[in-house]
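In this text the structure is predicted, and so the values were computed from the model without any measurement. Indexing begins at 1, ligand by ligand and atom by atom, following the structure's order. These numbers come from the heavy atoms of this one structure, side chains and all, not from hydrogens, waters or symmetry mates.
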Amino acid sequence: MTERIFNFNAGPAALPLQVLEEIQASFLNFKQSGMSITEVSHRSSYFDDVINDAVDRAKRLLKLDDRFHVLFIQGGASLQFAMIPMNFLSKDDTADYVNTGTWSTKAIKEVEVQKKNYTVVASSEDKNFSYIPKNIQFSTNAKYVHLTSNNTIKGTQFHEFPDTNGIPIVCDMSSDIFSRPLDMEKFGLIYAGAQKNLGPSGACMVIIRQDMLDMANVDLPSMLKYSTYASKNSMYNTPPCFGVYTIDLVLKWIEEEMGGLEKMEEYNIKKAGLLYDFIDSGSFYRTTAQEDSKSLMNVTFRLPDEELEKLFVVKATENGLGGLKGHRSVGGCRASIYNATTMEGINALVQFMESFEKENK
Ligand SMILES: *Cc1c(COP(=O)(O)O)cnc(C)c1O
């Protein structure tokens, strides 16, 4: 490849070209420091400015008030599966979990292994996780309700968040954070591994509300307590500096180039709409998610048979369209079209799909 491809990877995923170019341009000499951002001390004013800017931008974009803390934690979203019950559930406490796919199943496993109490209050496993459950009855005594806002592998997404009767929602937003505005009143904690919609792998963004911090267990190893990160601006130990720096540039791009989260959402709706409309207009391709649950970020679809799916992925790759193979656990095809995916990329994909259909019908 001599040119950049249209990248539909699920994660690590495409980043805005502008961000990559900015990293490239300042990589050897960051802000006249004579050092790369990967070489400066995390205790220096250079890095302080970066992490503070990232936190401020996240707060502005999501309209967070002073109750919210923005943290950067290593260990990916998967460590959060474990830290959440560890921090919020004592012996007699319980939490509600909604099971909408592979990632929530893994989140539940981490509660189970800690022998904490929980209830799976809704699940879409009966239909292969092809939909988002509705009319969920939550427990009155739950400390939190755990949701996965976007199911990266199954291609479904919460388009509205349920009313939990005031119980804080703890939400895995790894694959749709900053893709749309949020009503943060409902959320006690949201978290997102960076490598889908935010930056490189190695950093997980956690946004936690003060009342959740106040009820968190303090009898834990330092690195597994939210309070450690909140009290030290995520710098109790060396943070994932390059990850935080890239996230800052991505948030700047959303704010200054894309015009904020309302605009970002409009663009995402337009992009996904184009792709879904094309798929639904014929019978050669078919989506796997139910109509009202379709994800704007991960478009999962099938072809008439598995041989054609294999050929589709091979031919797409040859044509500069990468990452279209479905997750190994489900097969099929998947186009991950996060914030950084352009309309140009969607158009190229639709054009390719049209011609592939003509040749292989
Ligand atoms: C990718 C993903 C994860 C796992 O993230 P890691 O950072 O690899 O631990 C968890 N949840 C969702 C929704 C994901 O898309």
(message) For the residue pair K196 and W103, would you count it as a cation-pi contact if the rule is NZ or CZ under 6.0 angstrom from the ring centre and within 45 degrees of the ring axis?
(response)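 Positive - K196 is close enough to the ring of W103 and near enough to its axis.
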(message) Check whether Y229 forms a cation-pi arrangement with K225 (NZ or CZ under 6.0 Å from the six-membered ring centre, at most 45° off the ring normal).
(response)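 Here K225 fails the 6.0 Å and 45° test against Y229.
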(message) Is it the case that the side chains of S295 and T156 hold a donor-acceptor pair, with the cut-off being a distance below 3.5 Å and no angle test?
(response)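 No, because no side-chain N or O of T156 sits under 3.5 Å from a partner of the opposite role on S295.
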Give a table of atom pairs where an N or O of ligand 1 lies under 3.5 Å from a protein N or O.
from     : atom 1 : to   : atom 2 : distance (Å)
ligand 1 : 7 (O)  : A77  : N      : 3.1
ligand 1 : 7 (O)  : Q195 : NE2    : 2.9
ligand 1 : 8 (O)  : Q195 : NE2    : 3.3
ligand 1 : 9 (O)  : A77  : N      : 3.2
ligand 1 : 9 (O)  : S78  : N      : 2.8
ligand 1 : 9 (O)  : S78  : OG     : 2.6
ligand 1 : 11 (N) : D172 : OD2    : 2.6
ligand 1 : 15 (O) : T152 : OG1    : 2.4
ligand 1 : 15 (O) : K196 : NZ     : 2.6

(message) List the residues meeting side-chain contact (heavy atoms from CB on, under 4.5 Å) with E262, not counting sequence neighbours, and say none if there are none.
(response)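 If we apply the side-chain contact (heavy atoms from CB on, under 4.5 Å) test to E262, skipping adjacent residues, the hits are K63, P181.
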(request) Sequence neighbours left out, what passes salt bridge (charged side-chain N to carboxylate O under 4.0 Å, His left out) with D65? Give chain and number order. (result)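 Listed in chain order: R67.
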(message) K134: which residues meet the salt bridge (charged side-chain N to carboxylate O under 4.0 Å, His left out) condition with it, sequence neighbours left out?
(response)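 Residues passing salt bridge (charged side-chain N to carboxylate O under 4.0 Å, His left out) with K134: D292.
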